[in-house]
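In what follows, a structure is listed as structure tokens, so that the remarks can point back to it.
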Amino acid sequence: MEKVLNGKAYVLGNNIDTDQIIPAEHLVYSLTDEDESKKYGHFALSSVPIEKAGLPEGGVSFIEGDNWQSEFTIIIGGSNFGCGSSREHAPFALQKAGVKAIIAESYARIFYRNSVDGGFLIPYETVDKLIDKIKTGDQLELDLENNILKNLTKEEVHHLKPLGEVLPIVEAGGLFNYARKSAMIL
Amino acid sequence: MGMTITEKILAKAAGKRNVNPGENIWLNVDVLMTHDVCGPPTIGIWKREFGKSAKIWDKNKLVIFPDHYIFTADKYANRNVEILREFARDYEVENYYDVGTERYKGVCHLALAEEGYNIPGTVLFGTDSHTCTSGAFGMFATGVGNTDAAFILGTGKIWEKVPESIKFIFNGNLPKYLTAKDLILHILGDITTDGATYRAMEFDGEAVFSLSMDERMTLTNMAIEAGGMNGIIKADAITEAYVKERSDKSYEIFESDNYAEYFAVYDYDASKLEPTVAKPHSPDNRDLVRNVSGTELTKCYIGSCTGGKLPDFRFAAQILFGNTVKVPTFIVPASTKVARLLEVETYNGLTLKEIFDKAGCQIGQSSCAACLGGPDDTFGRAKDKDVVISTTNRNFPGRMGSKKSEVYLASPLTVAASAVTGVITDPRDFIND
Ligand code: SF4
């Protein structure tokens with residue numbers, strides 16, 4: 001696991017559900033085919049209503065044109081991030097688009113598990129309400145060892161909740177690696 | 001200290017005498033269920049991780065229902081079913097219910113019940129968030145993603161955090177103009193879409209135990225809409241009769257101790273509630289039907305694992321009998337069994353199907369259909385700025401197909417009443433208690 005992540009912030013509101021993260025009609029593509037799976041990156045966050053995409057102003061597309069990767073690699077969310085369906089395509093789509101970490105007030109259970117167990121993203125929980133403090137496009141530095149988020153643009157520092165019990169799974173890079181490391185499976 | 005029904009079942013599955021909320025435990029899984037959307041990627045991960053020696057931990061405990069994107073020309077969707085078919089053939093999975101055969105069942109959550117996979121006291125995981133539906137049978141059932149499912153597929157085990165429980169008690173009698181859907185929409189308005197995150201939702205009270213298994217499943221189905229890990233109703237005589245008709249497996253009935261601890265307890269008088277809707281764009285955006293009555297509609301939809309079961313169509317038929325619909329109205333029986341029963345069950349001398357045909361409804365084939373939008377050619381899919389009233393469970397932006405559409409969630413009675421008038425209508429205009 002890297003110790004420090006740098007990236008530009010993309011800020012979203014509360015209750016970002018899995019249909020907004022990856023609309024159901026796109027769930028048909030292969031996740032294993034290198035080329036086809038890029039479609040997940042391309043359609044990531046494509047159902048977020050445009051006025052709520054990239055807060056505080058909104059109207060900021062997560063993916064430009066035909067691209068499948070985003071210039072934004074750290075997502076700042078409100079409460080109940082990832083609610084809705086069990087589709088693991090959701091954290092997969094965000095990872096495919098280049099997202100490394102999500103920092104939200106709270107998560108829906110299945111999305112949280114999928115992010116951790118699939119080794120797709122690091123789901124941090126905030127102590128303060130960050131969606132009012134960070135703007136889309138702010139340059140961020142995430143210190144994973146000390147659970148600190150630095151906003152380089154605004155020169156502000158935010159403390160995050162430690163990952164707790166899931167840390168070993170995150171460090172191992174997912175459930176399977178974790179189970180192998182702890183000799184649960186071969 | 002006392003234990004809740006959820007804690008007792010999890011303790012048993014973990015091989016422990018007791019468990020405490022917040023504790024992470026490893027569970028032995030009784031049944032793993034998957035479908036055409038999440039099955040193929042689950043199989044992909046399982047093959048990648050276990051390699052050539054990949055083995056299903058217990059073939060009898062794996063159940064696969066293609067149900068989501070079935071009646072479509074979409075080549076990718078059809079490829080997914082082909083992947084399931086090949087997998088079932090290569091690995092000799094008997095509990096595979098293929099499309100285009102007699103065995104095809106329709107929506108997984110209802111099919112699990114109908115085919116006798118829901119057994120009190122057991123633990124079921126599924127690659128679908130509404131797997132919590134099965135909790136209506138006094139069992140622990142919850143949804144997981146593909147990685148977790150692949151892990152279960154190879155090992156029969158998975159970790160879970162023991163949830164705190166919230167109890168919802170409905171006392172009194174349920175009036176004729178209310179259904180289980182009104183009860184759960186009412187709860188959602190109270191606790192919101194994250195009110196039960198990582199928690200168990202336990203349903204209790206005489207109004208709940210007066211319900212049929214189908215109606216109980218409507219309650220537990222929407223536990224996930226509050227973020228719940230599972231919904232659960234202890235098994236009673238109605239449950240036992242349903243299970244015995246469909247399975248000869250032995251089972252164990254658990255119930256919460258009187259002195260068990262709850263995160264919260266909600267008490268309702270069912271007889272005092274009113275027909276309820278969830279307005280766009282969230283299942284917790286609750287209002288009373290009478291407050292939004294008159295809202296112009298362009299579509300009505302009765303279907304899904306929440307609102308496409310036999311009682312849902314009985315409710316709808318009561319109102320549609322002798323009437324014609326004013327807006328396009330789509331009927332999607334959740335399972336092929338329900339579809340067959342529409343031609344058998346009667347109301348006032350007509351079969352339900354005859355009532356719907358006469359009323360001018362369109363009847364689709366059993367599957368998830370437009371509940372989750374699906375490919376462009378999906379039956380009943382919301383288009384453009386459609387305003388839909390639906391018996392389904394989610395109305396997030398774009399859920400039924402169009403980002404610009406607006407979806408109201410309601411009971412089958414409210415949807416049928418609205419179909420007849422073309423505007424949102426209180427079912428009490430048609431039914432008195
Ligand atoms: S009917 Fe709707 S909610 Fe039920 S399993 Fe299908 S898509 Fe999911």
Side-chain angles (χ1 to χ4, degrees), chain A residues 14-20 23-33 36-37 39 46-50 52 79-81 83-92 105-120 164-166 169 174-180 184-186, chain B residues 24 26 37-38 40-42 44-45 48-50 53 68-69 74-80 126-131 142-151 154-155 157-159 161 163 192-194 197-198 224-225 227-229 281-282 372-376 378 394 396-399 401 403:
Chain A
N14 296 331
N15 298 315
I16 298 297
D17 69 87
T18 52
D19 283 284
Q20 293 181 62
E25 65 201 90
H26 302 307
L27 301 180
V28 291
Y29 315 126
S30 167
L31 292 102
T32 43
D33 183 275
E36 199 177 313
S37 65
K39 286 181 191 270
S46 61
S47 241
V48 176
I50 190 66
K52 293 184 182 158
S79 61
N80 205 22
F81 195 96
C83 59
S85 91
S86 68
R87 64 190 72 153
E88 196 161 301
H89 312 66
F92 179 85
E105 276 164 60
S106 64
Y107 295 88
R109 167 184 161 269
I110 307 179
F111 181 88
Y112 184 82
R113 282 184 75 105
N114 288 346
S115 300
V116 169
D117 284 357
F120 299 113
E165 286 158 325
V166 299
I169 304 180
L175 180 61
F176 278 95
N177 290 342
Y178 167 78
R180 261 183 219 110
M184 285 184 63
I185 57 170
L186 291 178
Chain B
N24 273 336
W26 284 87
V37 171
C38 294
T42 296
I45 295 169
R48 182 188 78 205
E49 296 293 337
F50 291 102
S53 61
H68 276 60
Y69 302 151
D74 187 286
K75 65 171 186 197
Y76 295 113
N78 289 321
R79 182 184 60 188
N80 274 343
T127 60
D128 190 286
S129 62
H130 292 102
T131 303
T142 192
V144 285
N146 309 330
T147 300
D148 285 348
F151 195 89
T155 66
K157 291 188 175 17
I158 194 66
W159 70 273
K161 183 151 116 183
T192 77
T193 50
D194 60 356
T197 300
Y198 261 107
I224 185 65
E225 263 51 76
M229 180 188 287
H281 293 281
S282 182
L372 84 164
D376 238 358
T378 302
R394 285 191 179 137
F396 299 131
R399 168 73 178 183
K403 255 196 275 185

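Protein chains get the first letters and strands the later ones, always in sequence-line order, with residue 1 at the start of each.
Heavy atoms closer than 4.5 Å to chain A are found in the side chain of Asp74(B), but not in its backbone. Heavy atoms closer than 4.5 Å to chain B are found nowhere in Thr18(A), neither backbone nor side chain. Looking at Lys39(A), the atoms closer than 4.5 Å to chain B (heavy atoms on both sides) all sit in the side chain, from C-beta outward. The part of Val166(A) that comes within reach of chain B is its side chain, from C-beta onward, which places non-hydrogen atoms under 4.5 angstrom from that chain. Using a 4.5 Å cut-off between heavy atoms, Leu372(B) touches chain A through backbone and side chain atoms alike. In this structure, no portion of Pro23(A) lies under 4.5 Å from any heavy atom of chain B. With a threshold of 4.5 angstrom between heavy atoms, Ile185(A) approaches chain B through side-chain atoms but not through N, CA, C or O. Within the 4.5 angstrom heavy-atom criterion, only side-chain atoms of Tyr69(B), from C-beta onward, approach chain A.
Taking chain A as the reference chain and counting heavy-atom pairs below 4.5 Å, the highest number among Gly398(B), Pro41(B), Gly227(B), Gly373(B) is found for Pro41(B). Most heavy-atom pairs under 4.5 Å with chain A, from the set Arg48(B), Glu225(B), Glu49(B): that is Glu49(B). The most heavy-atom pairs under 4.5 Å with chain A, out of Asn24(B), Ile45(B), Asn146(B), come from Asn146(B).
Of the possible donor and acceptor atoms, one in the side chain of Glu88(A) sits under 3.5 Å from a partner among the backbone N and O of Thr147(B). Side chain of Asp148(B) to main chain of Arg113(A): no donor-acceptor pair is present (N/O by atom type, distance under 3.5 Å, no hydrogens or angles). The backbone N or O of Gly143(B) sits less than 3.5 Å from a side-chain atom of Arg109(A), completing a donor-acceptor pair.
Ser106(A) is listed as a side-chain neighbour of Asp194(B), based on a closest heavy-atom distance under 4.5 Å.
Residues Arg394(B) and Asp19(A) are not paired through a salt bridge, judged by the lack of any N-O separation under 4.0 Å between the basic side chain and the carboxylate.
With rounding to the nearest 0.5 angstrom, the OG1 atom of Thr193(B) is 8.5 Å from the CG atom of Asn14(A).
The side-chain contact (heavy atoms from CB on, under 4.5 Å) test with Phe396(B) singles out one residue from Asp17(A), Asn15(A), Ile16(A), and that residue is Asp17(A).
Residues that satisfy the side chain to side chain contact (heavy atoms under 4.5 Å, CB included) test with Ser115(A), not counting sequence neighbours, are Pro91(A), Phe111(A), Leu121(A), Pro123(A). Checked against side chain to side chain contact (heavy atoms under 4.5 Å, CB included), Pro163(B) has the following partners two or more places apart in sequence or in another chain: Thr6(B), Leu10(B), Ala200(B), Met229(B), Asn230(B).
Between Ser129(B) and Ser85(A), the shortest heavy-atom distance links the atoms OG-CA, 3.5 Å.
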